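Please read these numbers as outputs of a predicted model, since none were measured by experiment. Keep in mind that the numbers below use all heavy atoms, side chains included, and drop hydrogens, waters and symmetry copies.
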Amino acid sequence: MEEIFINLIHDYSYIIIFIWCMLEGEMALIMAGILSHTGVIILPLAIFVAALGGFAGDQLYFYIGRYNKSKISKKLKSQRRKFAIAHLLMKKYGSWIIFIQRYLYGLRTILPISIGLTRYSAKKFAFINFISALAWASITILPSYILGDKIIKVLEHSKNHWYIAIPLVIIFLSILIFAFKKFEDNILNKRHEIKKRKRNEI
């Protein structure tokens, strides 16, 4: 099974990286860095393909928001909290949110959809989105390429000592989820405080 997976990566590296970056990203970027380090794929092309995948994914979500508002309205009810946070971040950071969104766990699909729901220029979004995707791919792939040997050693060690690696990964992901939850809570709390102050002033 492992051998089949390795062969697939070798034979369809760029396709896998593109699709994976459309859906998620960071793990695909680290893999692209390692494959570039080992000479399986070409580094500049890996960065471009990964950036193209990230760009295509966000463009898709943007146009879902732009042309499927009736369907999105149902999602708005179930994801009201996320859309509220996305709206506040858009208001606070403006166009910069297109750069920031790639690093915000839990909001990566909501933010481009939210931007699509507004009157934000589709051409402007596409331009900034591509620059953002290129920066995002470079920032992650290049360090993975440089530290390729060390990352491979860590992966081999994790494979041999999975009983230690799995709990550590679970702990790390739990901390990450908790941190982003606190970040979201802080944003919503600040909005409530501003609303409260305005009511008191009246």
Approximate separation, where rounding is to 0.5 Å, of [X] [atom1] and [Y] [atom2]:
| X | Y | atom1 | atom2 | answer |
| --- | --- | --- | --- | --- |
| I141 | I34 | CD1 | CD1 | 11.0 Å |
| I85 | S114 | CD1 | OG | 10.5 Å |
| I131 | F55 | CD1 | CZ | 10.0 Å |
| F83 | M90 | CZ | CE | 10.5 Å |
| I146 | I151 | CD1 | CD1 | 10.0 Å |
| I100 | L89 | CD1 | CG | 7.5 Å |

Tell me, which pairs form a salt bridge (charged side-chain N to carboxylate O under 4.0 Å, His left out) where one or both residues lie in [range], sequence neighbours left out?
| range | result |
| --- | --- |
| residues 36-58 | D58-R102 |
| residues 134-143 | none |
| residues 27-54 | none |

Nearest atoms (heavy-atom pairs only) where [X] meets [Y]:
| X | Y | value |
| --- | --- | --- |
| R66 | R119 | NH2-C, 4.0 Å |
| M22 | G53 | CG-O, 3.1 Å |
| I47 | A137 | O-CB, 3.6 Å |
| Y14 | V49 | O-CG1, 3.3 Å |

Set of side chain to side chain contact (heavy atoms under 4.5 Å, CB included) partners for [X], sequence neighbours left out:
| X | answer |
| --- | --- |
| I15 | Y12, I19 |
| F48 | L52, F130 |
| K124 | S95, Y120, S121, I128 |

- request: Could you tell me whether Y145 atom OH has more than 12 heavy atoms of other residues or ligands within 6.0 Å of it?
  value: no
task: Please answer: with hydrophobic residues joined when any side-chain heavy atoms are less than 4.5 Å apart, are L43 and V40 in the same cluster?
output: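 Linked within one cluster.
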message: Please tell me whether L134 and I139 are part of a single hydrophobic cluster in this structure, the criterion being side-chain heavy atoms less than 4.5 Å apart.
response: yes
task: Any pair with a residue in residues 28-55 that passes side chain to side chain donor-acceptor pair (under 3.5 Å), sequence neighbours left out, goes on the list, sorted by first then second residue, please.
output: H37-D149
message: Tell me every residue that passes ring-ring contact (aromatic ring centres under 6.0 Å, His included) with Y63, counting only those two or more places apart in sequence or in another chain.
response: Y67
task: Quick one: list whatever passes ring-ring contact (aromatic ring centres under 6.0 Å, His included) with F125, sequence neighbours left out.
output: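 F125: ring-ring contact (aromatic ring centres under 6.0 Å, His included) contacts with F62.
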query: Taking side chain as C-beta onward, heavy atoms only, is Q101 less than 4.5 Å from P112?
result: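 Yes. Closest side-chain heavy atoms under 4.5 Å.
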message: Between L104 and L111, does the side chain to side chain contact (heavy atoms under 4.5 Å, CB included) criterion hold? Intermediate values first, please.
response: CA-CA 9 Å; L104 298 177; L111 274 163; 3.8 Å; yes
Donor-acceptor pairs are to be reported for all side-chain atoms of residues 25-33 against protein atoms at under 3.5 Å, with residues two or more places apart or in another chain.
residue, atom, partner, partner atom, Å
E26, OE1, R108, NH1, 2.7
E26, OE2, R108, NH1, 3.3
E26, OE2, W136, NE1, 3.1

